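For ligands, and for the atoms within them, numbers begin at 1 and follow the listed sequence. The shown structure was predicted, so the numbers you read here are calculated from the model rather than taken from an experiment. Side chains included, hydrogens not; waters and symmetry mates left out as well; all remaining heavy atoms used.
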Amino acid sequence: MHKINLILLGPPGAGKGTQADRISEIYGIPHISTGDIFRENLKKGSELGLRAKEYMDRGELVPDEVVIGIVHDRLAEPDCERGFVLDGFPRTVAQADALKEMLAGTGRGIDHVLNIRVPDEVVVERLTARRTCRACGAIYHLVFNPPKEEGRCDSCGGELYVRDDDREETVRARLEEYEAKTQPLIAYYRGEGLLRDIEGDADMEAVLANIRKVLG
Ligand code: ADP
Ligand code: AMP
């Protein structure tokens, strides 16, 4: 199968992580989530994790230079030669420019930017009932995608927890950050002819079907 390089764009709670996991499985490409990388680093207690936490807890974006360095290193790993699905990166125009530069000369640009669209009220409903596996990062929802056993991850048995930044007041701050800093990327990628709008306010299987239609 030829390689495919994807970006998932959309507000927090749009379903990027959920769909990226599925895409990763179906297309055999790594799922790269900058948020997951920060949370893994925090779990290890690394300096990067502690630095990122300050911003994450306030619902703010981590500074561009920190995020860009991480993605640069991750994309240099050999599994990315098959392609990749980026989830939660880029989130600013500076990050998008940096990504373009990283890929320039590799002969492998971005193929599609999937813009997952959901209304604000749906986002709040999704995030306040999201549960995340502390061990493997798998994503659940108390109503829309509940685990088989309460509080336990179906795939690894790990403990499910509520992310600190999924409290309602932090969710509002994250949505403001999204509108101010990330939304401009819609026009940016539309201008490059890469933007594909995906209706995200539907059940998970329907959203996946829409994505598969675009990817062919
Ligand atoms: P993002 O990565 O964009 O922040 P997630 O994939 O973590 O979003 O999804 C946010 C929450 O919404 C999770 O609890 C997830 O289980 C749930 N969710 C994801 N997609 C859907 C969907 N299509 N319908 C209902 N709930 C969904
Ligand atoms: P996510 O797991 O994608 O919801 O990201 C959680 C948090 O990590 C965000 O609210 C930011 O604080 C931080 N973060 C993740 N990705 C980025 C990024 N590309 N740029 C800046 N901050 C990020």
Arg126 with Asp166: basic N within carboxylate O range, under 4.0 Å: no
Ligand 2 to Asp36 polar contact by distance, N or O atoms, under 3.5 Å: no
Residue, atom name and distance, where the atom is the protein heavy atom closest to atom 12 (O) of ligand 2: Glu60 O, 2.6 Å
NE2 on His141 to CG on Leu127, rounded to 0.5 Å: 8.0 Å
Thr34 N/O under 3.5 Å from ligand 2 N/O: yes
Atoms in ligand 1 with a heavy atom of Gly17 nearer than 4.0 Å: 1 (P), 2 (O), 6 (O)
Residue part near ligand 2, for Val67, under 4.0 Å between non-hydrogen atoms: side chain
Ion pair check, Glu177 and Arg91, cut-off under 4.0 Å: no
Any N/O pair Arg163/ligand 2 closer than 3.5 Å: yes
Asn115-Tyr189 side chain donor-acceptor pair, cut-off 3.5 Å: no
Close N or O approach (Arg91, ligand 2; < 3.5 Å): yes
Heavy atom of Ala202, distance to ligand 1 below 4.0 Å: yes
Sub-3.5 Å N/O-N/O distance, Gln95 and ligand 2: yes
Arg39, portion touching ligand 2 at heavy-atom distance under 4.0 Å: side chain
Which residue and heavy atom of the protein sit nearest atom 10 (O) of ligand 2, plus the separation: Arg174 NE, 4.0 Å
For atom 14 (N) of ligand 2, closest protein heavy-atom neighbour: Phe38 CE1, 3.7 Å
Ligand 2 to Gly88 polar contact by distance, N or O atoms, under 3.5 Å: yes
Enumerated ligand 1 atoms positioned under 4.0 Å from heavy atoms of Ile139: 6 (O), 7 (O), 13 (C), 15 (C), 16 (O)
Min heavy-atom dist Gly10 to ligand 1 below 4.0 Å: no
Sub-3.5 Å N/O-N/O distance, Val62 and ligand 2: yes
Side chain, backbone, both or neither: the part of Asp203 lying under 4.0 Å from ligand 1 by heavy atom: backbone
Basic-acidic side-chain contact under 4.0 Å: Lys53, Asp164: yes
Test item: side-chain donor near acceptor, Thr170 and Asp165, under 3.5 Å: no
